[in-house]
Amino acid sequence: MKLQAQTDAQLEPLGRPALDRLQLEAGERVLDVGCGAGQSCIELAVRVGATGTVVGVDISEPMVTAARGRVAQAGLGNVEIILGDAARQTFKVPFDAIYSRFGVMFFPDAVAAFREMRESLRPSGRLAFVCWQELERNDWAHVPLMAARSVSPEHPMPALLQPGQPGPFYFSAPAFVQQVLGAAGFKRVNIEPRETMIQLGAARDIAEAVEYSMQIGPSARFMADTDPSLKPAFERALSEAFRPFASSTGVWMAARSLVVTASSS
């Protein structure tokens with residue numbers, strides 16, 4: 001869970017437009033798919049108020065543990081965090097809305113997963129999520145990844161970053177997203193491309209950006225099983241790659257996403 005606060009600071013502004021599209025009301029019941037360390041669950045809880053309910057589900061046990069601790073610290077009795085796979089989870093009480101912040105791109109069978117989610121919604125229930133556009137259109141990911149690959153060009157790309165494979169950029173094509181949601185039975189699908197400048201890992205300078213990218217994101221995935229002796233070379237390459245994006249206010253890079261909304265009927 002190291003650097004989780006920096007990751008939350010980076011992702012929160014990107015997830016807010018999808019959250020706004022849900023137009024949540026007090027007393028509603030919301031599912032947060034891929035809730036991570038729980039920041040988005042707390043945001044949802046604020047919007048539905050004390051009479052509403054938020055259920056967060058995540059497949060990562062460390063994330064769920066962190067989320068439960070964060071929710072307990074916030075004193076929120078109307079938030080439940082579940083360890084499990086949203087694609088296989090069943091709920092006795094239906095939801096008014098489903099939300100996800102970069103948590104729906106990893107399902108091996110995306111249509112089946114979204115069909116299961118649709119069945120957990122009330123009639124005319126709402127879906128809103130944010131996902132990444134293409135890797136090459138996201139400087140925050142592509143620039144450090146290319147820098148890392150320049151050090152070890154023979155090293156294979158991780159499976160999660162391979163084109164057409166479930167992973168962070170699996171939903172980058174609007175036509176594919178439309179196809180998946182339509183096949184799952186969702187109606188009134190709307191997909192809005194967005195571009196935002198983000199402070200990479202809340203980095204105040206190049207050194208912090210390097211530290212962050214060595215541990216989190218596509219570049220970290222690429223470097224994970226390379227020769228440890230290459231670490232200094234990776235750090236130098238990343239440092240040089242971030243130089244054009246650094247300023248007195250931090251390291252800022254382009255992030256391009258899709259805000260997707262739909263209804264269950």
**OP:** Verify the cluster assignment for Val55 and Leu83: are they in a single hydrophobic cluster under the rule of side-chain heavy atoms below 4.5 Å apart?
**Re:** no
Original post:
Between Arg68 and Asp58, is the closest basic N to carboxylate O distance under 4.0 Å?
Top reply: no
Original post:
How long is the span from the NZ atom in Lys231 to the CZ atom in Arg236, to the nearest 0.5 Å?
Top reply: 12.5 Å
Subject >> Stepwise side chain to side chain contact (heavy atoms under 4.5 Å, CB included) check, Ser120 with Thr90 >> reply: CA-CA 7 Å; Ser120 71; Thr90 56; over 6 Å; no
Original post:
Parallel, tilted or perpendicular for Phe222 and His155, by the 30°/60° rule?
Top reply: perpendicular
Original post:
Checking Ser264 side chain against Ser124 main chain: does a donor-acceptor pair fall under 3.5 Å?
Top reply: yes
Original post:
Are the charged groups of Glu192 and Arg21 less than 4.0 angstrom apart, N to O?
Top reply: yes
Subject >> Test item: Thr7 and Tyr212 side chains (from C-beta on) under 4.5 Å apart, heavy atoms >> reply: yes
Original post:
Where does the angle between the aromatic ring planes of Trp132 and Trp140 fall among parallel (under 30°), tilted (30 to 60°) and perpendicular (over 60°)?
Top reply: tilted
Original post:
Which pair of heavy atoms, one from Cys41 and one from Val79, lies closest together, and at what distance?
Top reply: CB-CG1, 4.1 Å
Original post:
Looking only at heavy atoms, which two atoms of Leu200 and Ser213 are closest? And how far apart?
Top reply: CD2-OG, 3.6 Å
Original post:
Picking from Glu240, Glu211, Met214, what satisfies side-chain contact (heavy atoms from CB on, under 4.5 Å) with Glu235?
Top reply: Met214
Original post:
Side-chain contact, heavy-atom cut-off 4.5 Å: Val30 with Leu24?
Top reply: yes
Original post:
Glu43 versus Glu12: any side-chain heavy-atom pair under 4.5 Å?
Top reply: yes
Original post:
Does the pair Asp85 and Gln89 meet the rule for a side chain to side chain donor-acceptor pair (under 3.5 Å), with working shown?
Top reply: CA-CA 6 Å; Asp85 184 349; Gln89 204 75 32; over 6 Å; no
Subject >> Partner of Ile81 by side-chain contact (heavy atoms from CB on, under 4.5 Å), out of Thr65, Val57, Val71 >> reply: Val71
**OP:** May I ask you to check whether over 12 heavy atoms, not counting those of Glu134, lie within 6.0 Å of atom CD?
**Re:** yes
Original post:
Within the distance-only criterion (no hydrogens, no angle test), does the side chain of Asn138 pair as donor or acceptor with the backbone N or O of Ala141 below 3.5 angstrom?
Top reply: no
Original post:
Can we say Arg115 and Asp109 salt-bridge, meaning some charged N sits less than 4.0 Å from an Asp/Glu carboxylate O?
Top reply: no
**OP:** Please answer whether the main-chain N or O of Gly49 pairs with a side-chain N or O of Asn78 as donor and acceptor at a distance below 3.5 Å.
**Re:** yes
**OP:** Could you tell me which non-hydrogen atom of Gln215 sits nearest to which non-hydrogen atom of Ala220, and how far apart they are?
**Re:** C-CB, 3.3 Å
Original post:
Is Thr196 reaching over with its side chain to a backbone N or O of Ile198, donor-acceptor style, under 3.5 angstrom?
Top reply: no
Subject >> side chain to side chain contact (heavy atoms under 4.5 Å, CB included) between Val54 and Val48, intermediate numbers included >> reply: CA-CA 8 Å; Val54 176; Val48 299; 4.0 Å; yes
Subject >> Path from Tyr99 to Phe171 over hydrophobic side-chain contacts below 4.5 Å >> reply: no
**OP:** Could you go through the side chain to side chain contact (heavy atoms under 4.5 Å, CB included) check for Thr226 and Phe234 one step at a time?
**Re:** CA-CA 10 Å; Thr226 56; Phe234 282 131; 3.3 Å; yes
Original post:
Quick one: do the Thr53 and Arg29 side chains pair a donor with an acceptor below 3.5 Å?
Top reply: no
Original post:
Checking Thr51 side chain against Gly27 main chain: does a donor-acceptor pair fall under 3.5 Å?
Top reply: yes
Original post:
Hey, quick one: are Val130 and Met117 part of the same hydrophobic cluster, counting side-chain heavy atoms closer than 4.5 Å, chains of contacts allowed?
Top reply: yes
Subject >> Heavy-atom check, side chain of Ser152 versus side chain of Leu230, under 4.5 Å >> reply: yes
Original post:
Are Phe106 and Ile59 side-chain neighbours, meaning at least one heavy-atom pair lies under 4.5 Å?
Top reply: no
Subject >> Aromatic centroids of Phe107 and Tyr170 separated by under 6.0 Å >> reply: no
Subject >> Cluster check Leu19, Leu31: I/L/V/M/F/W/Y, side chain < 4.5 angstrom >> reply: no
Original post:
Any Lys/Arg nitrogen of Arg149 or Glu154 sitting under 4.0 Å from an Asp/Glu carboxylate oxygen of the other?
Top reply: no
Original post:
Looking only at heavy atoms, what is the nearest atom pair of Val251 and Ile206, with distance?
Top reply: CG2-N, 4.0 Å
Original post:
Would you call Arg126 and Glu28 a salt bridge, taking side-chain N to carboxylate O under 4.0 Å as the test?
Top reply: yes
**OP:** Supply the atom-to-atom distance Leu3 CG to Glu208 CD, rounded to the nearest 0.5 angstrom.
**Re:** 9.5 Å
Subject >> Distance (rounded to the nearest 0.5 Å) between Arg221 CZ and Met223 CE >> reply: 12.0 Å
**OP:** Using only heavy-atom distances, determine whether the side chains of Gln39 and Arg101 contain a donor-acceptor pair under 3.5 Å.
**Re:** yes
Original post:
Are any of the side-chain heavy atoms of His142 and Arg137 separated by less than 4.5 Å?
Top reply: no
Original post:
Do Leu22 and Phe186 share a hydrophobic cluster, counting only Ile, Leu, Val, Met, Phe, Trp and Tyr and linking them when any side-chain heavy atoms are less than 4.5 Å apart?
Top reply: no
Subject >> Salt-bridge contact Arg118-Glu116 (side-chain N to carboxylate O under 4.0 Å) >> reply: no
Original post:
When rounded to the nearest 0.5 angstrom, what distance separates CD in Gln133 from OG in Ser172?
Top reply: 8.5 Å
Subject >> Residue pair Phe129, Phe102: steps toward the ring pair (Phe, Tyr, Trp, His ring centres under 6.0 Å) verdict >> reply: CA-CA 7 Å; Phe129 64 85; Phe102 303 110; 9.7 Å; no
Original post:
Side chain of Gln10, backbone of Gly201: donor and acceptor closer than 3.5 Å?
Top reply: yes
Original post:
Does Arg204 CZ have over 12 foreign heavy atoms under 6.0 Å away?
Top reply: no
**OP:** Begin from the C-alpha positions of Leu127 and Arg188 and carry the test side chain to side chain contact (heavy atoms under 4.5 Å, CB included) through to its verdict.
**Re:** CA-CA 10 Å; Leu127 167 72; Arg188 296 193 290 276; over 6 Å; no
Original post:
With a 4.5 Å limit on heavy-atom distance, are the side chains of Phe169 and Pro163 in contact?
Top reply: no
Original post:
Does Leu160 reach the side chain of Gln165, with side-chain heavy atoms less than 4.5 Å apart?
Top reply: no
Original post:
So which heavy atom on Pro166 is nearest to which on Pro108, and how close?
Top reply: CG-CA, 4.0 Å
**OP:** Working to the nearest 0.5 Å, report the span between CD1 of Ile82 and SG of Cys35.
**Re:** 9.0 Å
Original post:
Nearest 0.5 Å, what's the CG-OG distance between Asp205 and Ser239?
Top reply: 9.5 Å
Original post:
Is any NZ, NE, NH1 or NH2 atom of the basic residue among Arg122 and Asp96 found under 4.0 Å from an Asp or Glu carboxylate oxygen of the other?
Top reply: yes
**OP:** Can you see which heavy atom on Asp32 is nearest to which on Ser100, and at what distance?
**Re:** OD1-CA, 4.3 Å
